[in-house]
Number of protein chains: 2
Amino acid sequence: MFSIKIHNCSDELRNADLKATPARLGVLAVLEHTDKPLDVQSITSSLHRLGVMMDRVTLFRILNTLTQKSILKPIQFNEGKLRYEYAAKPEHHHFVCEKCGQIEDIEDCNVGSLIKNISSKKGVLVKRHSLEFFGLCADCQD
Amino acid sequence: MFSIKIHNCSDELRNADLKATPARLGVLAVLEHTDKPLDVQSITSSLHRLGVMMDRVTLFRILNTLTQKSILKPIQFNEGKLRYEYAAKPEHHHFVCEKCGQIEDIEDCNVGSLIKNISSKKGVLVKRHSLEFFGLCADCQD
DNA sequence: ATGGTTGCAAACACTTTGCACATGA
DNA sequence: TCATGTGCAAAGTGTTTGCAACCAT
């Protein structure tokens, strides 16, 4: 019998020196099953649907912890709040429709060469960057 | 007698159908004399130095109004708050040192061609974008 | 058993809203 | 004069902190 398990959340947590608690497993489960960055509210709703309850504060703490361990990546869309995504996703950026809120992944932005330029020109060390696009999606342009 | 005035804030306001009040003139004066995007706190301090007092709420309202009129542009550095810059500045991006907080302008990022690609590939209409870099500045790398 | 985790209450930072008064055009 | 702008009080949203109880290992 073949059980192909790409990715085990309990192990992922323990590898990061974190205890595999139901709350943390719930958060990882939610973010594993979506391809768009989620804010705290959406994560909470999804957790409810999964039957995983936890305090708001606990959720914030989990998100911070997982971010520090580089398991999650925070993203901002100029909304005044953070969204989170699995950090393991290959590099990509986002397009956000300002009308309907839809989010599309954008690949192939080749920021790497930009960063190389900046590093050599300015002598800085670039560790992270944000690149997001905003406008109207195909459906909202009429 | 030659008076070379590149830019008159009162006129700029009236052209946007806004009354030229001391509070608004103060905010524009502050942002005119800095080249880095400022947050509400820094703007408030600068206003104090100029002797221009106003309620925190008024400042937020002014910043929102000027943003709507495209006189200012809001920018976010993953700090959980907004910064503001004159919108008239030619397109540029920023490098933020995560250690000392220093901000450097980054030019020549040529996001235009990226946007062209995205538009044709996805059929979306890109109206704005954010592109910021984070890491260690030349002085903070030791 | 014990140190990392969680819940609860409270606080904090940033920003917005409502309404009465004030002021620039 | 009168629509627009401002101050004050209050509230809203997103997030953090302190501390005692709890539970994964």
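Each chain gets a letter, A, B and so on, in the order the sequences are listed, and its residues count up from 1.
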>> Quick check on DNA chain D: between K19(B) and R56(B), whose nearest nucleotide comes earlier from the 5' end?
In response: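 The 5'-side residue here is K19(B).
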
> Which atom names give the shortest non-hydrogen contact between Q76(A) and G80(B), and what distance separates them?
Replying inline: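 Scanning both residues completely, I find the closest heavy atoms to be NE2-N, 4.1 Å.
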
>> Looking at every heavy atom in both G26(A) and L50(A), which two are closest together, and how far apart are they?
In response: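 What the structure gives for the nearest pair is O-CD1, 4.3 Å.
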
> How are the rings of H94(B) and F77(B) set relative to one another: parallel (under 30°), tilted (30 to 60°) or perpendicular (over 60°)?
Replying inline: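 The rings of H94(B) and F77(B) stand perpendicular, inter-plane angle above 60°.
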
>> If only side-chain N and O atoms count, and only distance matters, is there a donor-acceptor pair under 3.5 Å linking D39(A) with S42(A)?
In response: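 Yes.
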
>> Please compare A20(B) and R83(B) by the position of their nearest nucleotide in DNA chain C and report the one closer to 5'.
In response: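 Going by which nucleotide is closer to the 5' end, it is R83(B).
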
Rounded to whole angstroms, how far apart are [atom1] on [X] and [atom2] on [N]?
X	N	atom1	atom2	value
I43(B)	dC14(C)	CD1	P	12 Å
D17(A)	dA24(D)	CG	P	18 Å
L18(B)	dT6(D)	CG	P	10 Å
L38(A)	dG14(D)	CG	C1'	16 Å
R14(B)	dG5(D)	CZ	C1'	15 Å
M54(A)	dT5(C)	CE	P	14 Å
D55(A)	dG14(D)	CG	P	16 Å

> In the hydrophobic clustering (ILVMFWY, side-chain contacts below 4.5 Å, transitive), which residues join F95(A), or is it alone?
Replying inline: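 Members alongside F95(A): I106(A), V111(A), L114(A), I115(A), I118(A), V124(A), V126(A), L131(A), F133(A), F95(B), I106(B), V111(B), L114(B), I115(B), I118(B), V124(B), V126(B), L131(B), F133(B).
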
>> Checking one residue: L136(A). Which other hydrophobic residues are in its cluster under the side-chain 4.5 Å linking rule?
In response: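 Once heavy-atom contacts under 4.5 Å are chained together, L136(A) belongs with L125(B).
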
> Heavy atom of residues 58-82 of chain B under 4.0 Å from DNA chain D: which residues?
Replying inline: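 Close to the strand are T58(B), R61(B), I62(B).
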
> Distance check: side-chain N/O of T21(B) vs OP1/OP2 of dT4(D), anything under 4.0 Å?
Replying inline: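 No, outside the criterion.
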
